[in-house]
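Shown next, in structure tokens, is the structure this report addresses.
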Amino acid sequence: MNCGNGIDTRQVDELYINLDPIQAGGRLTPDAMKAVLAYGDGYSVCDHCTKPFRLDCISKPPLAQFHKDLAEFMHMDVARLVPGARRGFQAVADVAIRPDDPVLLTVYSHYTEFLAVEQAGGRAFEVPADDAGIITADAVASRIEDVIRITGRKPAILFVEQVDYQYGNLHPVAGISKVAHQYDIPVLCNGAYTVGIMEVDGKELGADFLVGSGHKSMAAPAPSGVLATTGEWAEKVFKTTGIKGDITGRTFGVKEIEMMGCTLMGVTSMGMMASFPHVRERVKRYGDEVKHSNLIVDALLSIEGTKVLSEYPRRHTLTRMNTVNSFDTVAKTHKKKGYFLTSALLERGITGILAGSTKVWKYNSYGLTDDQARYVADSFVDIAKKEGLPCVS
């Protein structure tokens, strides 16, 4: 089967248990799948777009209400759909950073946060993690003082991850925001791995900006995301255009500059909106997801020589493992070399771990049922035993 022009039909999540670190939270719901088919045409949401001709003002389909619901869901004042979290970072950076401004990021910040800072002309300074892999409020305070001493200015903004993409560690954003605000530094909280996965209260976190990823954590098509902010900052980051053509005298109404007018014109916005009722309910069951995460980690740790590099016990479903002294010892002599592990998992109907990984690798257990989580846990142990690795019962 193929989709034409040599494009194979993708059936990964239909045929396998998918542990891919960046795909687990973005699996579409059945309603989103239907929305994809119904609204796949480019400007499909624009059938009933009337003045002021802006995405967040369209009432049929109910995108205007969806924007309000998103802001409420994130406990922020105003929200806009954006083409992925990175466009949220970019919009905020463009407003908050001036050329040569110092900017605080962390050692876990995503590369797109760095690119947003670079595009705005900022200078990047990183906050280190502690020995447990956590970004602490004390480390942020210390680094702010470093930046002031080095540059003579306080950082223009702080970018901080609620859960980072490298280890899946949960960082104390509320405490970090409190410190930053003592220096009058605004805070952008990167919720790409939390908004849509767990309940997130932006105001409780002290975030001036809260960014989520639709295709990573909100069961939405790519590229999609959300940028939410406070009333104070909304006037700046969602500022409307004032430009005027010198020949035609044309102006462009209430188009928002940082949003380039409209953002998600069709299938992405509708898929995200169709999944939203399901997402709003699933965050309430996050405790079950963490239970599954720890079940699989505990099974892996029962294999002698295996280490978990993420914080433990787990508080998130994205996890980084070190199997240098377990699975990688098998890879040294196995005929399939480092590919034996992902091959053995595939035979058991499990996919998503980077092919050839037997040293340090990540997986994401989000969305598994009790039976699936138990099956994945047992499969790792079965593979280890089959290859002669000692396991603690």
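Since the model is a prediction, treat every value here as computed from it, not as a measurement.
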query = Is Asp20 reaching over with its side chain to a backbone N or O of Ile22, donor-acceptor style, under 3.5 angstrom?
reply = yes

message = For a 4.5 angstrom cut-off between non-hydrogen side-chain atoms, does Thr241 reach Thr251?
response = no

task = Starting at CG of Leu170, measure out to OG of Ser310 and round the result to the nearest 0.5 Å.
result = 12.0 Å

ask   = Does any N or O in the side chain of Gln90 come within less than 3.5 Å of the main-chain N or O of Arg87, such that one atom is a donor and the other an acceptor?
value = no

query = Looking at Arg98 and Asp101, does any basic side-chain N land under 4.0 Å from a carboxylate oxygen?
reply = no

ask   = Can Arg285 and Asp288 be counted as an ion pair, charged N to O under 4.0 angstrom?
value = no

request  = Mind listing the closest non-hydrogen atom pair of Ala373 and Ile296 along with its distance?
outcome  = O-CG1, 3.7 Å

message = Has Arg314 got a side-chain atom pairing as donor or acceptor with Leu318's backbone, closer than 3.5 angstrom?
response = yes

message = Closer than 3.5 angstrom, by distance alone: can the side chain of Asn322 be matched with the main-chain N or O of Val324 as a donor-acceptor pair?
response = yes

message = Checking the side chain of Ser44 only, and the main-chain atoms of Tyr39 only, is there a donor and an acceptor separated by less than 3.5 Å?
response = yes

task = Work out which heavy atom in Ala96 is nearest to a heavy atom in Ile157; give both atom names and the distance.
result = CB-CD1, 4.0 Å

request  = For the residue pair Ile17 and Leu368, establish whether any side-chain heavy-atom pair is separated by less than 4.5 Å.
outcome  = yes

inquiry  = Would you compute the distance between atom NE2 of His110 and atom CZ of Arg86 and round it to the nearest 0.5 angstrom?
reply    = 6.0 Å

request  = Would you list the pairs meeting ring pair (Phe, Tyr, Trp, His ring centres under 6.0 Å) in which at least one residue belongs to residues 232-252, sequence neighbours left out?
outcome  = Phe209-Trp233

In one Ile/Leu/Val/Met/Phe/Trp/Tyr side-chain cluster, 4.5 Å: Val117, Leu188 = yes

task = Decide salt bridge (Lys or Arg N to Asp or Glu O under 4.0 Å) for Arg153 and Asp100; before the verdict, give the C-alpha distance in whole Å, the side-chain angles of both, and the deciding distance to 0.1 Å.
result = CA-CA 10 Å; Arg153 291 182 287 165; Asp100 205 40; 3.5 Å; yes

query = With hydrophobic residues grouped by side-chain heavy-atom distances under 4.5 Å, do Leu345 and Leu19 end up in a single group?
reply = yes

ask   = Would you say Val226 and Met218 make side-chain contact, with heavy atoms under 4.5 Å?
value = yes

Hphob cluster co-occupancy, Val92 + Val187, side-chain heavy atoms under 4.5 angstrom = no

ask   = Ignoring hydrogens and geometry, is there a side-chain-to-backbone donor-acceptor pair from Tyr108 to Gly133 under 3.5 Å?
value = yes

ask   = Any donor and acceptor pair, going by atom type alone, linking the side chain of His292 with main-chain N or O of Tyr366 inside 3.5 Å?
value = no

Candidates Ile176, Val173, Thr194 - the one meeting side chain to side chain contact (heavy atoms under 4.5 Å, CB included) with Leu205 = Val173

key: Ser224 backbone acceptor or donor facing His215 side chain under 3.5 Å   = yes

request  = Determine, stepwise, if the pair Gln162 / Asn190 fulfils side chain to side chain donor-acceptor pair (under 3.5 Å).
outcome  = CA-CA 6 Å; Gln162 188 176 17; Asn190 177 357; over 6 Å; no

query = Does the side chain of Asp13 pick up a donor-acceptor pair with the side chain of Asn18 at under 3.5 Å?
reply = yes

remark   = Contacts satisfying ring pair (Phe, Tyr, Trp, His ring centres under 6.0 Å) that involve residues 372-393 (not counting sequence neighbours) are Trp361-Phe380

ask   = Could you state the interatomic distance from SG (Cys262) to CZ (Phe53), rounded to the nearest 0.5 Å?
value = 10.5 Å

query = How many angstroms lie between CZ in Phe125 and CD1 in Ile144, if you round to the nearest 0.5 Å?
reply = 12.5 Å

query = When rounded to the nearest 0.5 angstrom, what distance separates OG in Ser217 from CE in Met198?
reply = 11.0 Å

key: Full working for side chain to side chain contact (heavy atoms under 4.5 Å, CB included) between Gln119 and Phe89   = CA-CA 11 Å; Gln119 188 177 54; Phe89 305 150; over 6 Å; no

inquiry  = Whether Asp378 and Arg348 form a salt bridge (side-chain N of Lys/Arg under 4.0 Å from carboxylate O of Asp/Glu) is what I want to check.
reply    = no

Donor + acceptor pair across side chains of Thr317, Ser365 (<3.5 Å) = no

query = In terms of hydrophobic clusters joined by side-chain contacts under 4.5 Å, are Val376 and Val12 together?
reply = no

message = I want to check something: taking the side chain as every heavy atom from C-beta on, are Val82 and Met259 in contact at a cut-off of under 4.5 Å?
response = yes

ask   = Is it true that Asp382 and Lys386 make a salt bridge, defined as a side-chain N closer than 4.0 Å to a carboxylate O?
value = no

message = Does this structure show an ion pair linking Glu311 with Arg315, if we count only N-O contacts that are shorter than 4.0 Å?
response = yes

query = How far apart are the closest heavy atoms of Gly202 and Leu210, and which atoms are they?
reply = CA-CD2, 3.9 Å

request  = Determine, step by step, whether Asp77 and Lys203 satisfy the salt bridge (Lys or Arg N to Asp or Glu O under 4.0 Å) criterion, reporting the C-alpha distance in whole Å, the side-chain angles of both residues, the deciding distance to 0.1 Å, and the verdict.
outcome  = CA-CA 9 Å; Asp77 295 327; Lys203 289 187 176 177; 2.6 Å; yes

task = Flag the pair Pro221 / Leu28 as yes when at least one side-chain heavy-atom distance between them is below 4.5 Å, and no otherwise.
result = yes

request  = Considering non-hydrogen atoms only, spot the tightest contact between Pro128 and Ile135 and give its length.
outcome  = O-CD1, 3.7 Å

request  = Provide the full list of side-chain hydrogen bond (donor to acceptor under 3.5 Å, both in side chains) pairs with a residue in residues 171-180, sequence neighbours left out, each pair given once.
outcome  = Asp164-His171

ask   = With a 4.5 Å limit on heavy-atom distance, are the side chains of Glu161 and Ser109 in contact?
value = yes

ask   = When the ring centroid of Tyr165 is compared with that of Tyr193, is the distance short of 6.0 Å?
value = no

ask   = What pairs with Thr329 under side-chain contact (heavy atoms from CB on, under 4.5 Å), at least two apart in sequence or on another chain?
value = Leu389

query = Does a donor on one side chain and an acceptor on the other come within less than 3.5 Å for Asp328 and Thr323?
reply = no

Give every donor-acceptor pair under 3.5 Å between a side-chain atom in residues 67-75 and any protein atom, sequence neighbours left out.
| from | atom 1 | to | atom 2 | distance (Å) |
| --- | --- | --- | --- | --- |
| His67 | ND1 | Leu63 | O | 2.7 |
| Asp69 | OD1 | Gln65 | NE2 | 2.9 |

query = Looking at side-chain heavy atoms only, is the closest gap between Thr319 and Val308 below 4.5 Å?
reply = yes

request  = Using the ring pair (Phe, Tyr, Trp, His ring centres under 6.0 Å) rule, collect all pairs that involve residues 304-344, keeping only residues at least two apart or in two chains.
outcome  = His334-Phe340

inquiry  = Are Val267 and Leu55 connected into the same hydrophobic cluster when the rule is that any two of I, L, V, M, F, W, Y join if their side-chain heavy atoms are below 4.5 Å apart?
reply    = no

note = Closest non-hydrogen atoms of Ser275 and Ala32, given as atom of the first, atom of the second and distance, are OG-CB, 3.2 Å

inquiry  = Can you confirm whether Met76 sits close enough to Val200 that some side-chain heavy atom of one is under 4.5 Å from a side-chain heavy atom of the other?
reply    = no

inquiry  = Has Lys255 got a side-chain atom pairing as donor or acceptor with Thr240's backbone, closer than 3.5 angstrom?
reply    = no

Sidechain N-carboxylate O distance under 4.0 Å for Arg80, Glu256 = yes

message = Here's a test for you: under side chain to side chain contact (heavy atoms under 4.5 Å, CB included), which of Leu227, Asp56, Thr263 qualifies with Leu81?
response = Thr263

ask   = Do any N or O atoms from the side chain of Asn2 and from the backbone of Asp8 form a donor-acceptor pair under 3.5 angstrom?
value = no

